[in-house]
Engineer: 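Let me begin by handing over the structure; questions about it come next.
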Amino acid sequence: MTVQVTASKGGIPHNTIMAYGLVGSIVCLYLTYLNQYLSVEYAALFGGLAAVFALIWGTDTIKHLCSYGIGTGVPSAGMIAFGSGVIAMLLATADVFNSMFLSPIMAVVFGAIIGGVAGWLANNVMRMNIPVMVRSLTEMAIIGAIVLMGFTAVMAGGFGFEALSAREIAILGPLAMKNFEFTVLGGCLVAVSFMLGSIALQHPFNACLGPGEKQDRTLMLAAECGFLSMIPVAVISFAFVGIGAAVLSLIVAVAGWYYTYARFLELSKRDAFAWLDAKPILEPKGED
Amino acid sequence: MTAIAAKPSASEGINPVASVIGIVIIIAAVAIAAVFANFALAALIGVIIGGLLIGFGVHFVPVGGAPAAMGQSPGIATGVAMLAAGAGLAGLFGGAWAAANPAFGIAIVIAAGAIGGGLLMAVTCLMVNIVYIFGMGIPAASGKVAKDPITGDSQAEYKSQGTEGHGLPFISYVGGVIGGMLGGAGGTLIYYELLQVYAAKLPELFSATAADVLPVAVSLAGIFAVGMFLMNAVLAAYNITGTIEGPHDPKFKRFPRAVIGCAVASAVAGLFAVLIVVV
């Protein structure tokens with residue numbers, strides 16, 4: 001399959017977007033630690049914002065990588081990002097890292113290792129010889145890990161391995177027992193966030209590529225997809241965090257989605273108008 | 001920027017230096033596992049074998065991409081990674097079902113996974129040919145060989161001009177089923193080996209009974225298997241760069257690179273996956 005990929009030039013440089021995405025998402029992931037620090041659950045929503053930051057960055061990375069015509073289509077890039085990201089993210093949630101407030105940093109470190117190896121393999125062993133391959137796959141594994149960690153934080157309010165896999169359930173008042181089935185890991189909700197995240201990552205550039213692709217429109221679609229994925233994640237969080245925190249996450253997700261969707265529609269109309277080089281058909285005013 | 005700065009100049013043949021470095025990485029990963037997670041050493045080797053089975057199996061799967069949707073190349077009209085993921089996940093369901101039954105040993109579990117993956121590819125290939133032949137009215141013909149290596153039927157008379165062939169010739173169909181079986185078996189091997197590690201280690205980590213933590217063990221092994229499956233499938237797809245007809249396609253000869261690459265990727269990912277019960 002040879003796909004001619006057309007990507008726009010100019011706009012914000014990729015390094016700038018990467019810096020904002022990386023710093024923004026790590027700051028947001030650290031803000032979710034407020035939950036542990038203050039013993040509240042309202043900070044869970046920052047996980048979703050971390051995912052949105054990372055998805056915007058990831059869309060620009062996919063744009064860079066896929067502008068080389070890798071021959072496998074854009075979605076495969078999203079699949080390898082999350083395939084390697086989920087492994088890095090789960091190792092980073094280990095309690096030893098979480099108790100030292102290191103999980104977000106370790107997700108970046110492990111993601112960089114596994115993504116770097118995958119990129120090196122693709123370039124050297126598979127002999128693809130694409131200049132941005134190693135860097136792009138490294139970035140994308142980090143992005144996959146951050147997005148999954150962010151969604152996990154929205155669902156569970158934090159990301160300790162033990163907290164994700166065991167939950168105290170009260171039975172008969174004071175009696176409590178540990179349950180492993182009705183948890184984020186036991187219910188395999190990681191798989192749900194995997195699909196929600198990877199589709200949100202691979203869709204925006206795939207949908208916007210072609211003649212007339214504009215960076216601001218593609219990135220706005222990425223943010224829209226991120227908030228859209230955050231909505232079901234926030235709904236799932238009703239099962240794990242308090243109702244107040246879950247409603248707060250849901251409101252933020254819906255509001256964010258509405259704003260970015262409206263902006264995306266606006267930008268689409270702008271670009272369609274520019275592309276057609278035609279004047280809009282004016283609505284007849286007055287009598288009808 | 002219009003299309004693209006530079007079309008990648010994917011070279012043929014094996015890169016010896018990179019392959020040796022890759023093998024060193026595998027040995028390093030196994031050595032780290034031997035020191036820090038000795039109980040998982042066999043499992044890590046199983047994961048590496050599973051990964052290279054996936055990488056090898058993907059090369060059998062006939063993928064035509066967008067041209068196949070227009071009847072201009074043989075194969076299934078989607079990307080390698082998507083198709084391999086479908087076969088692998090179907091195999092994983094079959095394997096997970098068998099693994100849940102304690103009476104079944106590893107051989108039956110792997111066989112169940114292989115059948116699941118092969119079945120999905122058989123159904124997909126059948127439906128693709130029904131759409132091609134009865135829907136689009138074009139016969140299946142290969143553009144890469146003059147005669148089908150299995151049936152001996154000549155292909156050129158049926159091939160439309162200006163195309164690389166169309167539909168799914170018999171050899172591609174057989175290749176798809178073999179690829180699905182290898183992929184399903186590889187994914188299931190990864191799942192089964194990791195499940196053994198987690199089922200043995202998680203009870204003491206959480207100080208709970210084995211039955212209680214089973215959901216966590218199944219879920220962890222499952223999501224790691226899916227993650228590694230997609231990694232290996234995409235790396236193999238990068239090796240193929242786009243379309244492939246099946247085992248008779250010249251691109252099939254590239255498979256040793258993917259086998260090395262997928263083994264290295266699986267070694268690193270598998271090491272991370274077993275370390276989670278150590279740290």
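In what follows, chains carry the letters A, B, and so on, assigned in the order in which the sequence lines appear, proteins first and then strands, with residues in each chain numbered from 1. Only heavy atoms go into these numbers, but all of them, side chains included; no hydrogens, no water, no symmetry mates. In this text, all values refer to a predicted model and were calculated from it rather than measured experimentally.
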Engineer: Closer than 3.5 angstrom, by distance alone: can the side chain of A/T72 be matched with the main-chain N or O of B/Y238 as a donor-acceptor pair?
Structural biologist: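 The answer is no, because no donor-acceptor pair under 3.5 Å joins these two groups.
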Engineer: At their closest point, which heavy atom of B/A269 faces which heavy atom of A/I87, and how far apart are they?
Structural biologist: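 Closest approach of B/A269 to A/I87, heavy atoms only: CB-CD1, 3.6 Å.
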Engineer: Under 4.5 Å heavy-atom distance to chain B, tell me which part of A/V117 shows up: side chain, backbone, both or neither.
Structural biologist: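 Interface part for A/V117: side chain.
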Engineer: What's the shortest heavy-atom distance between A/R127 and B/R257, and which atoms?
Structural biologist: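 Scanning both residues, the minimum pair turns out to be CD-NH1, 3.8 Å.
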Engineer: For A/L90 and B/I276, work out which heavy atoms get closest and say how close.
Structural biologist: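 Nearest pair, atom of A/L90 first, then B/I276: O-CD1, 3.1 Å.
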Engineer: Out of A/F110, A/W120, A/F97, A/F82, return the one with the most heavy atom pairs under 4.5 angstrom to chain B.
Structural biologist: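 Heavy-atom pair counts peak at A/W120.
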Engineer: Is chain A contacted by the side chain of B/L271, its backbone, both, or neither, given a heavy-atom distance below 4.5 Å?
Structural biologist: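 Interface part for B/L271: neither.
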Engineer: Tell me the closest heavy-atom pair linking B/M231 and A/G83, and the distance in Å.
Structural biologist: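 Taking B/M231 first and A/G83 second, the nearest heavy atoms are CG-C, 4.0 Å.
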Engineer: For the CG atom of B/L235 and the OG atom of A/S84, what is their distance to the nearest 0.5 Å?
Structural biologist: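 Spacing of CG (B/L235) from OG (A/S84) equals 9.0 Å.
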Engineer: Let me know if B/A81 has heavy atoms under 4.5 Å from chain A in its side chain, its backbone, both or neither.
Structural biologist: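 It is the side chain, since no backbone atom gets that close.
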Engineer: How long is the straight-line distance from CG of B/L220 back to SG of A/C188, given to the nearest 0.5 Å?
Structural biologist: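 CG of B/L220 is found 8.0 Å from SG of A/C188.
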Engineer: Return the CE to SG distance between A/M126 and B/C262, rounded to the nearest 0.5 Å.
Structural biologist: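 It is 5.0 Å, given to the nearest 0.5 Å.
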Engineer: Report the option among B/I223, B/V268, B/V218, B/I25 that has the most heavy-atom pairs separated by less than 4.5 Å from atoms of chain A.
Structural biologist: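 Answer, by heavy-atom pair count under 4.5 Å with chain A: B/I223.
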Engineer: CG of B/N15 to CG of A/N124: how many Å apart, nearest 0.5 Å?
Structural biologist: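 Rounded to the nearest 0.5 Å, the CG-CG separation comes out at 6.0 Å.
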Engineer: Between B/S219 and A/G186, which heavy-atom pair has the shortest distance, and what is it?
Structural biologist: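 Closest approach of B/S219 to A/G186: CB-O, 4.2 Å.
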Engineer: Assess whether atom CZ of A/F101 is packed by more than 12 heavy atoms of other residues, nucleotides or ligands within 6.0 Å.
Structural biologist: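 Yes, CZ of A/F101 has more than 12 neighbouring heavy atoms, counting only those of other groups under 6.0 Å.
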Engineer: Name the region of A/L164, side chain, backbone, both or neither, that has any atom closer than 4.5 Å to a heavy atom of chain B.
Structural biologist: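 Neither part.
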Engineer: Could you tell me the separation between the CE atom of A/M79 and the CG atom of B/L230, rounded to the nearest 0.5 Å?
Structural biologist: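 Here the interatomic distance stands at 6.0 Å.
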Engineer: Are A/I113 and B/F272 side-chain neighbours, meaning at least one heavy-atom pair lies under 4.5 Å?
Structural biologist: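 In short, these two side chains touch, coming nearer than 4.5 Å.
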Engineer: On a heavy-atom basis, which atom in B/G261 and which in A/V125 lie closest, and how many Å separate them?
Structural biologist: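 Taking B/G261 first and A/V125 second, the nearest heavy atoms are N-CG1, 4.0 Å.
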Engineer: More than 12 non-hydrogen atoms from neighbouring residues, nucleotides or ligands closer than 6.0 Å to CZ on B/F206, yes or no?
Structural biologist: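 Enclosed: over 12 neighbouring heavy atoms sit under 6.0 Å from CZ of B/F206.
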Engineer: Quick one, A/F161 and B/V277 - any side-chain contact, counting heavy atoms below 4.5 Å?
Structural biologist: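 No; the side chains remain at least 4.5 Å from each other.
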